[in-house]
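Before any comments, here is the structure.
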Amino acid sequence: MGSIGGRFRFMWQHLTANLAAVALFVSGWNYVQPWLEGRSQKFRLLVFGCIMGWGALASMLLTVEIKPGVLLDLRTSLVATAGLFAGLPGALVAASFPLGYRLAIGGHGLIAGLTGIAVAFAAGVLANRIIGRRQTRAWQVPVFAVCVGLSELASISILPQTAAPDIDVRLLLPLVALNMAATAVAGLVVLHTQLVAKERDLLRAAVAQAPDFYYVKNTRGQFVAVNQTVATYNGYDHPVQMTGKTDFDIADAARARILGGLEQKMLESGEGIAGFEEQVPDLKGSLRWFSTSKTPLRDVDGNVIGLVGVTRDITGQKQLEQTLLEAKNQLSYALSEMSDGLAMFDAEGVLVFCNQQYRELFPLTGDLRVPGTRLRDILEAVTVTGEQVGIPKGHEREWIDAVVGKLHTTGEQQVKLFDGHWLLLRTRPTQAGLALVVVSDITEIKSTEGELTTLSNQLAQLANTDPLLGVGNRRAFDQALAGVVAETSQSEREIALLLIDVDSFKAYNDRYGHLAGDECLRQIADCLRQRTRVGDFVARYGGEEFAVILPDTSAAGAMRVADNLRAAVRERALEHDRSARKVVTISVGVAISGPSARHDPTSMILQADKALYAAKASGRDATRLAEPDVGFQPIPLPRKA
């Protein structure tokens with residue numbers, strides 16, 4: 001008993017050291033993450049497998065040897081973890097380390113040791129396949145750890161009879177328990193690292209894809225981070241290449257000194273810079289205007305540790321301002337040359353002077369616009385002839401009084417004539433008590449405004465359209481769904497939402513290439529447009545996913561539409577030899593919002609997404625209806641004759 005008790009304590013000590021080694025190598029994975037940024041996924045998986053393999057080997061070096069060649073350690077925890085998160089490639093690399101070392105040691109427990117490594121390898125790869133492309137959940141890691149810990153019993157059960165009598169339950173419990181703990185610790189740490197990396201990648205992607213120039217500097221003026229726009233503008237392929245560089249590396253010395261001085265003053269004062277404009281030549285030598293805003297960055301103690309800057313290319317804005325200034329100067333010159341209509345009224349509202357252009361601009365009352373005529377008489381003639389559009393019917397007298405009352409007040413007014421012409425009337429009082437009225441024909445300007453409005457609407461349409469597929473983009477979809485749900489929230493109308501996913505699309509891209517993948521998506525988008533109503537809304541939800549909003553559509557109707565869409569895609573017969581049906585197919589999830597199932601847009605998307613998962617899980621090329629209260633329930637459709 002004393003021997004067993006001593007061995008028990010000895011085993012606890014060594015296995016605890018094993019656990020520390022596992023934690024050390026899992027922590028090491030965190031430290032190599034920055035070095036792996038920008039590397040291929042395959043390379044990252046291989047490095048992860050190597051680190052887990054080295055950890056397994058380190059665990060074996062701290063092994064508990066029951067008999068010569070019979071070793072108890074925590075090697076399987078890291079091999080299984082490599083399989084869980086890196087799949088088959090990572091598991092193969094990780095398992096190769098302990099396999100090689102175990103073969104070199106040999107001994108009575110060789111077969112059992114190799115079996116334990118193989119079982120852990122298989123458990124990790126199998127779990128990876130079950131989870132698939134979905135994100136591993138935190139609760140799945142402890143469940144996986146329990147399975148890995150219990151798998152140790154499989155290898156112990158095939159130990160030679162000469163070694164088995166020396167192993168009792170007091171020796172097995174520490175091994176199983178610590179294997180579970182080691183697997184859980186390793187899995188949760190790696191999972192946390194993945195989640196943090198994804199959040200970081202999301203933030204970086206948002207900044208990297210922004211059209212403006214975003215950058216962060218330390219107090220020494222060195223770039224700590226820049227987005228792709230900054231890197232590309234300065235001639236670098238990747239933002240990382242600018243890390244550690246200063247303005248002296250990307251600009252001439254004079255400009256770099258000016259920028260450095262401004263930044264140092266800002267860091268010392270703690271006050272940001274807003275709207276700093278400068279004209280700078282680009283890499284091609286063309287002069288461009290930029291507007292820059294910078295803000296100091298502070299740590300938790302309030303100390304300035306750097307700055308963040310945003311620079312925007314305002315060359316187009318400056319060019320527009322210059323164009324407007326030139327137009328204004330031209331207009332002033334034209335007025336000085338009496339190209340516009342000019343009239344002058346005295347303090348009593350009597351016309352004392354006007355030019356020919358002024359009379360010609362008013363075709364129906366031009367003969368009255370002569371010196372000596374009162375403005376009130378002219379305006380009465382305007383109301384009788386209908387020369388000006390927009391005069392309130394039945395309130396002509398009030399309109400005349402208002403115009404006469406403002407004659408000696410500085411102001412501008414745009415009026416539309418019966419023939420479609422637009423006039424700009426600018427009134428300026430003089431020190432002598434006269435009122436100067438300048439009249440300009442702005443018909444072309446108003447026409448241009450209309451064209452700009454049309455162009456603006458077209459640009460808005462482009463902003464809401466997926467450029468590849470010609471259907472609505474995600475932003476347009478979100479707006480459309482929110483609007484339709486809001487419209488139906490107080491009525492008995494039903495709306496349906498279809499979420500559509502192209503089956504095995506990654507395999508399609510891998511087999512036929514991304515250009516063929518783009519054409520495949522265009523074909524599917526064309527199917528969706530052709531097989532939906534005018535009032536329906538088709539959008540690209542993201543990647544190979546589409547969404548269709550069906551107003552005034554019941555569950556049965558939505559299911560029929562979904563099945564028609566699936567049939568339309570199959571009829572295209574787009575070859576896909578890596579799918580079960582050898583042609584491209586789609587799966588559809590359906591969610592309904594109506595009197596019996598009120599939803600907000602987010603809830604509808606979640607329900608449709610769950611239904612889509614059910615459709616994919618049922619074997620793809622399927623339609624499933626989401627029932628918020630009873631789960632997924634397909635609606636049987638009448639058979640065609």
Side-chain angles (χ1 to χ4, degrees), residues 317 319-457:
Q317 176 183 336
Q319 291 173 344
L320 179 59
E321 290 177 355
Q322 181 63 29
T323 301
L324 292 176
L325 179 60
E326 292 175 357
K328 183 178 180 180
N329 292 335
Q330 291 174 358
L331 181 58
S332 298
Y333 175 77
L335 289 176
S336 66
E337 293 296 317
M338 306 299 290
S339 59
D340 292 326
L342 179 66
M344 187 171 292
F345 295 85
D346 64 15
E348 302 300 325
V350 177
L351 181 63
V352 295
F353 171 82
C354 67
N355 63 358
Q356 184 63 32
Q357 290 88 335
Y358 174 75
R359 287 191 290 270
E360 290 176 353
L361 287 172
F362 298 94
L364 300 184
T365 60
D367 56 336
L368 290 176
R369 298 176 186 268
V370 294
T373 306
R374 297 188 308 162
L375 176 60
R376 185 175 294 275
D377 295 335
I378 296 174
L379 296 178
E380 287 179 353
V382 169
T383 61
V384 172
T385 60
E387 185 177 51
Q388 181 175 327
V389 177
I391 300 175
K393 294 295 184 181
H395 300 278
E396 291 84 354
R397 183 60 55 187
E398 291 87 342
W399 174 78
I400 293 174
D401 292 339
V403 174
V404 173
K406 295 179 181 179
L407 178 60
H408 294 276
T409 303
T410 301
E412 293 184 359
Q413 182 185 10
Q414 294 182 7
V415 298
K416 185 178 181 180
L417 301 185
F418 71 100
D419 58 0
H421 280 74
W422 281 87
L423 302 179
L424 174 63
L425 281 65
R426 287 169 291 177
T427 304
R428 298 292 184 271
T430 68
Q431 294 180 350
L434 301 176
L436 180 66
V437 179
V438 178
V439 183
S440 304
D441 188 334
I442 58 170
T443 305
E444 291 186 4
I445 295 177
K446 297 295 288 187
S447 175
T448 302
E449 287 180 358
E451 293 174 358
L452 290 175
T453 301
T454 301
L455 179 59
S456 177
N457 293 334

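Scope of the values below: all heavy atoms of this structure, side chains included, with no hydrogens, waters or symmetry mates.
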What distance separates [X] [atom1] from [Y] [atom2], expressed to the nearest 0.5 Å?
X    : Y    : atom1 : atom2 : answer
K406 : L425 : NZ    : CG    : 12.5 Å
E398 : D401 : CD    : CG    : 7.0 Å
L368 : D377 : CG    : CG    : 8.0 Å
Q319 : Q317 : CD    : CD    : 11.0 Å
L324 : Q322 : CG    : CD    : 9.5 Å
L364 : F418 : CG    : CZ    : 4.0 Å

- [ ] Check the pair E412, T427 against side-chain contact (heavy atoms from CB on, under 4.5 Å), reporting the backbone distance first and the verdict last.
- [x] CA-CA 6 Å; E412 293 184 359; T427 304; over 6 Å; no
- [ ] May I have the step-by-step check of side-chain contact (heavy atoms from CB on, under 4.5 Å) for R374 and L351, ending in yes or no?
- [x] CA-CA 6 Å; R374 297 188 308 162; L351 181 63; over 6 Å; no
Open item on the list: Run R426 and S440 through side chain to side chain donor-acceptor pair (under 3.5 Å) and show every step you take.
Closed with: CA-CA 8 Å; R426 287 169 291 177; S440 304; 3.0 Å; yes
- [ ] May I ask you to check whether over 12 heavy atoms, not counting those of E444, lie within 6.0 Å of atom CD?
- [x] no
Task: Within 6.0 angstrom of Q414 CD, more than 12 heavy atoms from elsewhere - done: yes
Task: Member of E380, E387, R359 meeting the side chain to side chain donor-acceptor pair (under 3.5 Å) criterion with T365 - done: E387
TODO: Please examine the side chains of L379 and L375, heavy atoms only from C-beta on, and report whether any two atoms are closer than 4.5 Å.
DONE: yes
Open item on the list: Testing L342, D340, L361, N355 one by one against V439 for a side chain to side chain contact (heavy atoms under 4.5 Å, CB included), which residue passes?
Closed with: L361
- [ ] Let me see the working for H408 and R428 under side-chain contact (heavy atoms from CB on, under 4.5 Å), right down to the final yes or no.
- [x] CA-CA 7 Å; H408 294 276; R428 298 292 184 271; over 6 Å; no
What pair of heavy atoms forms the shortest contact from [X] to [Y], and how long is it?
X    : Y    : answer
P363 : L417 : CD-CD1, 4.2 Å
A343 : F345 : CB-CE1, 4.1 Å
W399 : V382 : CH2-CG1, 4.3 Å

Task: Test: R369 and E360 ion pair at under 4.0 Å - done: no
Open item on the list: Using modelled atom types and a 3.5 Å cut-off, is there a donor and acceptor pairing between side-chain atoms of E348 and backbone atoms of D346?
Closed with: no
